[in-house]
Amino acid sequence: MWVERLFQDLCGHVMAMTDLPAGAPAGFMDREIRSGEGWSERLGDVLATCRVFVPLFSPRYFASEMCGKEWYAFEQRAIHHRARSNQPAEAIVPALWVPVPPSQLPGSAERLQFNHRDFGERYVSDGLYGLIKLRLFAEEYERAVYELAKRIVSVADSVRIDTGRPVDYRLAPSAFGSPSSGVGAPRPMQITIAAPTRHDLPEGRNSDHYGDHPQDWNPYYPTSARPLAYVAEELVRSLNYQAVITSFDEDRHDGKAPPSTPEILLVDRWALRDEDHCRRLAAFDAENRPWVTMVVPWSRDDHQSRAAETELTEKLEAVMPVKMGQGRALCRAAAKGVPTMEAFGQLLPQVVEVAAQQYLRHAKAYPPGSGGGSGERTRLTGPMGNTSYIPDPHDPATEAEDL
């Protein structure tokens with residue numbers, strides 16, 4: 001009931017502040033029964049087209065896997081928009097339904113640059129739920145909702161994120177991490193780039209895809225305006241991981257050491273034209289590190305890559321036979337070549353999850369320090385269209401809103 005009132009109040013303000021025709025929907029709220037026929041398809045369509053995403057922050061919201069999936073679906077559009085345009089595209093406008101301690105915020109929420117105090121001190125201390133429940137705070141509620149609506153309209157006018165494809169919720173990950181990991185600080189994930197720079201390219205190779213550092217490699221140019229390492233970093237962060245980008249040239253792998261973090265290795269097949277790269281990649285492959293998952297971005301729109309594909313694929317299979325055949329079918333598919341930026345974005349979350357699972361399987365576990373007789377059992381600790389969208393009023397702490 002209370003979320004429904006908030007949604008209607010916001011829609012009223014948005015209609016008054018815009019030129020939307022009378023009767024047109026100002027927003028969409030996820031109020032349907034989740035098991036209802038067509039619910040997933042309807043929600044997927046809305047998240048693929050809405051211009052602003054309005055999550056209602058509360059502890060229960062961040063504990064909801066489905067809410068994390070909704071956040072992830074919207075955030076992918078922003079990431080791919082930034083990749084194509086190299087322009088900012090932040091269209092998430094959070095609202096405090098119930099105040100949430102910083103320690104309970106996942107990385108996706110913690111990174112938002114948003115000053116809630118613009119909506120009033122009472123809003124910060126009590127949230128919209130506290131303001132809407134108590135008549136004493138009616139004025140503060142009206143102010144907070146009005147300011148929130150102004151922010152939604154401003155973002156909708158200034159940020160134009162491309163329409164995306166509807167997400168299949170059966171396969172989508174959560175932006176808040178896996179259910180078993182709990183809500184909290186992002187987990188570590190390393191992204192390593194094995195690629196030439198424009199200064200050491202094979203003879204005749206087009207330099208448009210390269211920069212001064214391996215991290216500048218952009219295999220999907222000109223479709224993508226950003227280096228792949230930074231697009232991958234955003235995709236990894238959208239899964240509640242803390243990504244660290246390194247170069248294979250700089251990274252010193254110790255084959256005998258236990259893993260310190262899961263890792264994604266992005267390999268440019270053109271690097272195999274260099275004998276030193278071949279030697280070091282072969283030595284790395286021989287170490288058989290299953291917590292390192294290899295992805296080979298390879299654009300067939302690049303005529304040079306298309307012409308050399310057979311030769312360089314055979315060379316990679318000879319240099320890195322373990323990685324080429326390791327893991328699940330999706331990992332082997334990632335190693336055989338990812339042809340487009342869209343395919344890369346769809347595949348990477350699954351590859352990240354495999355790397356994380358393999359890391360937990362092989363990483364060393366540390367027993368807690370022995371103390372006095374507390375009586376507690378010993379545990380092992382591991383090393384690791386519309387203008388917007390709102391959640392279900394039947395469970396207001398676990399939903400979000402599209403306006």
Side-chain angles (χ1 to χ4, degrees), residues 190-211 213-224 227-229 231-232 246-253 255 263-348 350-352 354-355 358:
Q190 181 172 323
I191 300 171
T192 302
I193 312 297
T197 71
R198 65 180 180 179
H199 306 294
D200 56 8
L201 289 174
E203 184 177 354
R205 175 62 175 142
N206 190 333
S207 64
D208 289 346
H209 302 275
Y210 302 90
H213 307 282
Q215 293 92 322
D216 297 327
W217 173 45
N218 185 359
Y220 300 117
Y221 174 86
T223 301
S224 174
L228 187 65
V231 178
T246 64
S247 164
F248 188 80
D249 294 339
E250 302 168 357
D251 193 43
R252 297 295 182 260
H253 295 279
E263 183 176 348
I264 305 299
L265 175 63
L266 303 182
V267 176
D268 179 11
R269 290 176 185 155
W270 286 102
L272 300 170
R273 289 274 181 92
D274 178 79
E275 289 306 316
D276 182 57
H277 265 116
C278 284
R279 176 184 57 79
R280 289 188 294 107
L281 285 169
F284 173 79
D285 190 66
E287 294 171 358
N288 189 20
R289 293 170 163 246
W291 56 89
V292 181
T293 306
M294 183 170 73
V295 181
V296 181
W298 190 255
S299 174
R300 294 194 180 97
D301 291 335
D302 174 1
H303 72 277
Q304 287 186 330
S305 293
R306 187 169 62 250
E309 184 168 10
T310 300
E311 170 215 341
L312 294 179
T313 298
E314 291 175 352
K315 193 156 191 174
L316 184 60
E317 289 173 344
V319 170
M320 305 186 74
V322 175
K323 284 297 172 199
M324 290 297 291
Q326 191 176 64
R328 305 174 188 172
L330 69 92
C331 293
R332 296 193 294 274
K336 289 184 180 297
V338 184
T340 65
M341 173 65 74
E342 184 178 59
F344 181 81
Q346 292 171 350
L347 191 65
L348 192 66
Q350 302 173 67
V351 170
V352 165
V354 170
Q358 289 293 332

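All residue numbers in this chain count up from 1 along the given sequence.
For the pair Pro196/Asp274, no side-chain contact is recorded, criterion being any heavy-atom separation below 4.5 Å from C-beta on. You'll find the side chain of Leu201 stays beyond 4.5 Å of the side chain of Trp270, heavy atoms only. Side-chain contact between Asp216 and Thr197 is absent, with no heavy atoms from C-beta onward closer than 4.5 Å. Ser299 places none of its side-chain heavy atoms less than 4.5 Å from the side chain of Thr340. A heavy-atom distance below 4.5 Å is found between the side chains of Arg269 and Thr313. Residues Glu263 and Gln358 are not in side-chain contact: their nearest non-hydrogen atoms beyond the backbone lie 4.5 Å or more apart. Using a 4.5 Å heavy-atom threshold, the side chains of Pro297 and Trp217 count as touching.
Once rounded to the nearest 0.5 Å, the distance linking CD of Gln215 with CG of Asp249 reads 8.5 Å. Note that CG of Leu266 and OG of Ser247 are 11.5 Å apart. Values are rounded to the nearest 0.5 Å. Between Leu265 atom CG and Met320 atom CE the span is 5.5 Å, to the nearest 0.5 Å. Residue Trp298 holds its CH2 atom at 6.5 Å from CG of Asp268, rounded to the nearest 0.5 Å. Between the CD1 atom in Ile191 and the CD1 atom in Ile264 there is a gap of 7.5 Å [rounded to 0.5 Å]. With rounding to the nearest 0.5 angstrom, the CG atom of Asn218 is 6.5 Å from the CE atom of Met341.
Looking only at distances, no side-chain donor or acceptor of Glu309 sits under 3.5 Å from a matching main-chain atom of Arg300. Of the possible donor and acceptor atoms, one in the side chain of Lys323 sits under 3.5 Å from a partner among the backbone N and O of Val292. A side-chain donor-acceptor contact under 3.5 Å links Gln304 to the backbone of Asn206.
The nearest pair of heavy atoms linking Val319 to Cys278 is CG1-O, 3.5 Å. Nearest heavy atom pair, residue Ala318 against residue Pro321, reads O-CD, 3.6 Å. Across Pro214 and Ile193, no two heavy atoms sit closer than the pair O-CG2, 3.3 Å. Pairing each heavy atom of Ala335 with each of Leu316, the nearest pair is O-CD2, 4.1 Å. Residues Val231 and Ser224 come closest through the heavy atom pair CG2-OG, 4.5 Å.
Taking the salt bridge (charged side-chain N to carboxylate O under 4.0 Å, His left out) definition, one finds that Glu311 meets it with Arg273, sequence neighbours left out. Glu342 meets the salt bridge (charged side-chain N to carboxylate O under 4.0 Å, His left out) test with Arg165; sequence neighbours excluded. Legend: residues meeting salt bridge (charged side-chain N to carboxylate O under 4.0 Å, His left out) with Lys315, ordered by chain and number and at least two apart, are Glu275.
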I would like to know whether Gln326 and Asn288 meet side chain to side chain contact (heavy atoms under 4.5 Å, CB included); could you show each step before the answer?
-> CA-CA 9 Å; Gln326 191 176 64; Asn288 189 20; 2.8 Å; yes
What do the steps show when you test Leu281 against Phe248 for side chain to side chain contact (heavy atoms under 4.5 Å, CB included), and what is the final call?
-> CA-CA 9 Å; Leu281 285 169; Phe248 188 80; 3.7 Å; yes
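With respect to Asp302 and Arg205, a salt bridge is recorded, a charged nitrogen being found less than 4.0 Å from a carboxylate O.
Ring planes of Tyr221 and His209: perpendicular class, angle over 60° (limits at 30 and 60°).
The local environment of NE2 in His199 is crowded, with over 12 non-hydrogen atoms from other residues, nucleotides or ligands closer than 6.0 Å.
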